[in-house]
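Numbering of ligands and ligand atoms starts at 1, following listing order.
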Amino acid sequence: MGEMNETTRQWLDWDARHCWHPFTDQAAWCAPEHERLVIERGQGVWLWDSEGRRYFDGNSSIWTNIHGHGHPHLRSAALAQLDQVAHTSYLGFANPRASELAARLCALFPPQTLTRVFFSDDGSTAVECAVKMALQYRMQTGEPERTGLVAFHNGYHGDTMGAASLGGVSLFFERFRQFGMPVTFVRDLSELQQLRADQIAAVILEPLIQGVNQMSLWPAGMLRELRAWCDATGVQLILDEVMTGFGRTGAMFACHHEQVVPDLLCLAKGLTAGYSPLAATLTRETIYRAFEGQENVFYYGHSYTAHQLGCAMALANLEIFAQERVLERVQALQPEWQRNLESVFSPHLVRVCGMIAGIELRQPDGSAFPSERKIGAAVCLAARAHGLLTRPIRDTVVLMPPLSSTREELLFAIEALRRAVADVLGC
Ligand SMILES: *Cc1c(COP(=O)(O)O)cnc(C)c1O
């Protein structure tokens with residue numbers, strides 16, 4: 001550890017002795033040559049580390065933040081809720097914030113489509129919940145043989161055991177494959193259409209874009225075609241909008257781009273604008289009805305289900321979308337954002353979906369870098385010196401700014417990344 005203040009040193013010492021970070025090689029994380037940042041404070045799109053250095057939050061704090069940090073409306077909603085109560089049991093009691101939030105979420109979809117909301121804690125539990133609903137629904141509607149689950153190759157749906165079973169990224173999930181649920185993986189719609197549909201309960205998809213799969217885009221129209229296949233076969237469509245929800249793609253939800261309504265919808269990350277962990281699984285009245293009666297109860301829930309403070313944050317999130325006309329602002333900024341990314345980073349591969357961007361770094365001849373060079377990680381490390389924090393997925397650098405970013409802030413982020421790429425690749 002080089003020059004740093006005493007408090008930073010203390011935090012890092014505790015971190016090295018007692019903490020364990022997600023998806024992290026702890027030996028490399030704690031190695032003396034690796035500089036660990038302690039993020040202490042945020043305002044708007046900016047974060048400050050414990051040494052007082054400022055950075056643009058280039059991946060919206062792992063894809064969660066929507067309106068920037070320290071937003072006054074979210075702050076006052078949190079304080080007002082804490083003056084009431086932080087959390088009460090949803091097992092046996094209703095609560096005001098969850099009631100209102102459920103109604104407002106359903107109102108974001110055409111009437112009589114998604115009418116019911118089941119709350120949980122994060123993306124993985126929203127997915128677990130959807131899968132359990134889809135399976136139990138068949139047992140209670142006379143189709144117990146429909147136990148099959150289908151997911152897409154290279155998809156990502158979270159890390160709890162059930163959600164991980166649906167994951168198609170082998171690096172993360174291969175180790176636990178034998179312990180999880182049986183899942184059939186397909187690469188595309190044509191492979192899906194070859195399966196025997198009458199034994200399938202549900203298919204799960206990240207609509208428009210697979211985030212963890214280096215921001216890969218689905219072809220336009222794919223989602224609508226998948227919906228049509230589900231309608232024809234009776235297979236339920238689970239959409240995982242944990243990443244794409246809440247304006248990221250330029251519409252409130254990715255499924256709105258193709259006027260598709262799923263049978264089950266998973267929401268988390270941006271649901272509270274990134275202020276508190278909360279998730280929701282939305283579904284249709286027909287599915288909900290199959291769970292009526294003592295013998296059909298959905299035995300699922302968590303201690304923090306429908307957390308009042310979390311629900312208050314989610315309501316404030318939706319209010320900001322309306323008050324600040326966030327979608328209109330984003331739609332106005334998006335074309336220039338995409339143009340700039342494509343012109344600054346070509347001939348690297350640039351994939352953009354709304355305000356989500358993946359820049360896949362390539363050699364001058366267009367080939368991929370050898371993975372052991374860890375070019376993506378090197379560029380993100382270099383970006384810190386230019387005031388940008390983000391993370392790569394392999395050699396794809398993610399730029400997913402908070403939706404509150406101004407034109408100038410977006411230009412700052414692109415310029416910082418351009419310099420980092422130049423530092424590492426020399427051009
Ligand atoms: C992040 C993510 C998840 C998992 O959410 P957690 O809150 O990390 O459990 C699931 N699906 C998608 C598409 C995600 O991006």
What atoms in ligand 1 come closer than 4.0 Å to a heavy atom of [X]?
X    : answer
D240 : 10 (C), 11 (N), 12 (C), 13 (C)
W63  : 15 (O)
S124 : 4 (C), 5 (O), 6 (P), 9 (O)
M243 : 15 (O)
D122 : 7 (O), 9 (O)
E206 : 13 (C)
H157 : 10 (C), 11 (N)
G123 : 4 (C), 5 (O), 6 (P), 7 (O), 9 (O)

Problem set entry | Other residues, nucleotides, ligands: >12 heavy atoms within 6.0 Å of Q323 CD |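 Correct, the count exceeds 12.
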Problem set entry | R289 CZ: over 12 foreign heavy atoms closer than 6.0 Å |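 Check passes, neighbour count above 12.
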Exercise. Is it true that a side-chain atom of R116 and a backbone atom of R284 form a donor plus acceptor pair closer than 3.5 Å?
Worked result: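 Answer holds: no.
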For this session: Specify whether the nearest protein heavy atom to atom 8 (O) of ligand 1 is under 4.0 angstrom away.
Result: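 It does not: no protein heavy atom is found less than 4.0 Å away from atom 8 (O) of ligand 1.
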Is it the case that [X] and [Y] place a side-chain donor and acceptor less than 3.5 Å from each other?
X    : Y    : result
E128 : H302 : no
H67  : E324 : no
Q193 : S190 : no

For this session: Compare all side-chain heavy atoms of Q308 with those of P96 and state whether any distance is below 4.5 angstrom.
Result: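 Q308 vs P96: side chains touch.
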Exercise. Among all protein non-hydrogen atoms, which one is nearest to atom 14 (C) of ligand 1, and what is the separation to 0.1 Å?
Worked result: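 Looking only at protein heavy atoms, the one closest to atom 14 (C) of ligand 1 is K269 NZ, 2.9 Å.
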